[in-house]
There are 2 protein chains.
Amino acid sequence: MVREGSPAKRAAIVRAALKVFLAEGYARAGVDAIAAEAGVSKRTIYDYYGDKERLFLAAIAETRAGHEQGFEALLQETIDDVTDLEDALFRFGRVFATEVAKSAERTEILRLMIAEAAHFPRLLADRPTRTALADRLEALHRRGLLDVPDPVEAAEFLGVLVTGPVQNRSWYGAVPLDQDEIDHLVRSGVRIFLAAYGR
Amino acid sequence: MVREGSPAKRAAIVRAALKVFLAEGYARAGVDAIAAEAGVSKRTIYDYYGDKERLFLAAIAETRAGHEQGFEALLQETIDDVTDLEDALFRFGRVFATEVAKSAERTEILRLMIAEAAHFPRLLADRPTRTALADRLEALHRRGLLDVPDPVEAAEFLGVLVTGPVQNRSWYGAVPLDQDEIDHLVRSGVRIFLAAYGR
DNA sequence: GCGCTACTACACTGCACGGTGTAGTGTGCT
DNA sequence: AGCACACTACACCGTGCAGTGTAGTAGCGC
């Protein structure tokens, strides 16, 4: 008995669900709390999504799709049409790492996915952001600005260099870091990347 | 009414608790299941540890202490008394990354800590393994084998370079990787590190 | 044997929570 | 007005589970 309902209400439910799941984790999160947060009756949630599990998966999928778009936009505005390569990579990494360290939705969702990976195998999809980044690195390689024989691997390392230390020190967003520390770590990460992959 | 009991029984309980917590996560894990796994009555668990939360924290602390010792031993047998630096770092990274990628206890516990970080702030202690690694890098710096002005930061990056891609691709141990892929990623990570910090 | 301690087996309480059923209300369409 | 539909409010069921209380047993020192 799944009602399709209005897109606005679906969005409200999914947003509320994400918030509660992120704060509590899947098992602790209560559907009553989600309903209250969404300003919707519990019954409506069940009419829309059937059960808690489907609601969870929908919330994750919806949000991840938004993140991919944001990531694509960030790539366009920092790495495409680059003049100063180090600066471009730094600006890219800065935004990315700052999201990570500020207990932002992005990292929390990663944390949630890691936590629930064993219980929801469907969460372990591919990682489109890495391939999007790899495409850019390959383009920079063709333009002679980088020496990147394996763009996918290089994208993996760039991502790790730029976000890894920030993730570790912030415990995946659970402890906030100040911007100076983030900037410093990102700067160092970019330098390391260029030392290895620069011309 | 906390009984101190026998060390052997405490160990059995903690081991069983860890197993169930790792498999199920904190909220889903049932004390009955832990009791069954430990071959002990539920009542005994409560007599020993008081409540589920304390049992959880004890299980984490106990296991982490063991890991620190193991890490220290690994450092000694790979990085101390080094002749071929790249090879030494590779051997170090290989063991470390393999643990990570094989869904081993070590990563699962990290995953669990990440998942529960928000609910158990006491889990977010310092990270003694990083400082242990930093000490070694500083020694290599003094011996003129590396150029490491900030050993703590360098240790952060070495750790990230060696384990990051493996963690990402294996979804923190949820998906096993084959040894060739691990070796390749570790090799690349070490080369990047040396490109940035080598003499 | 006696007493003490550690432990088990098990029944039980209280509660939180997933999920359902239903009566009633608001809104918009014809 | 009358109908259809979306939604809410709320009561309700079943269950799983943290935590407790207790009676009984096995072992051990004396």
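Every chain is numbered from 1, with letters handed out A, B, ... down the list of sequences.
- For the pair A:Tyr46 OH and D:dC10 P, the computed distance is 18 Å after rounding to whole Å.
- A:Ala29 comes within 4.0 angstrom of the backbone, heavy atoms only, and of no base.
- Residues B:Glu72 and B:Ala132 approach most closely at OE1-CB, 3.7 Å, considering heavy atoms.
- Straight-line distance from the CD1 atom of A:Ile34 to the C1' atom of C:dG18: 11 Å, rounded to whole Å.
- With rounding to whole Å, A:Asp32 atom CG is found 9 Å from C:dA16 atom C1'.
- Closest approach to the A:Lys52 side chain among D:dG19, C:dG19, D:dT8 is made by C:dG19 (side chain taken as heavy atoms from C-beta onward).
- Protein atom CD1 of A:Ile45 is 15 Å distant from nucleotide atom C1' of D:dA6, rounded to whole Å.
- Across the protein-nucleic acid pair, A:Tyr48 atom OH and C:dG19 atom P stand 19 Å apart, rounded to whole Å.
- The distance from atom CG of A:Leu55 to atom C1' of C:dG18 is 12 Å, rounded to the nearest whole Å.
- A donor N or O paired with an acceptor N or O is found under 3.5 Å between the base of D:dG21 and the side-chain atoms of B:Arg43.
- Separating the OH atom of A:Tyr26 from the P atom of C:dA16 is a distance of 20 Å, rounded to the nearest angstrom.
- Checking B:Thr63 against B:Glu105 by side-chain atom types alone, no donor-acceptor pair falls below 3.5 Å.
- Aromatic ring centres of A:Tyr197 and A:Phe157 lie farther apart than the 6.0 Å criterion allows.
- Using a cutoff of 4.0 Å between basic side-chain nitrogens and carboxylate oxygens, A:Glu62 and A:Arg15 are not scored as salt-bridged.
- Nucleic acid contact class of B:Lys9 (heavy atoms, under 4.0 Å, all strands): sugar-phosphate only.
- Remark on DNA chain C: of its neighbouring residues B:Lys42 and B:Gly39, the 5'-side contact belongs to B:Gly39, judged by nearest-heavy-atom nucleotide.
- If you take CZ of A:Arg10 and P of D:dA6, they are 12 Å apart, rounded to a whole angstrom.
- When ring centroids are compared, A:Phe96 and A:Phe71 come within the 6.0 Å threshold.
- Nearest to the side chain of A:Val40, among C:dT8, D:dA18, D:dT8, sits D:dT8.
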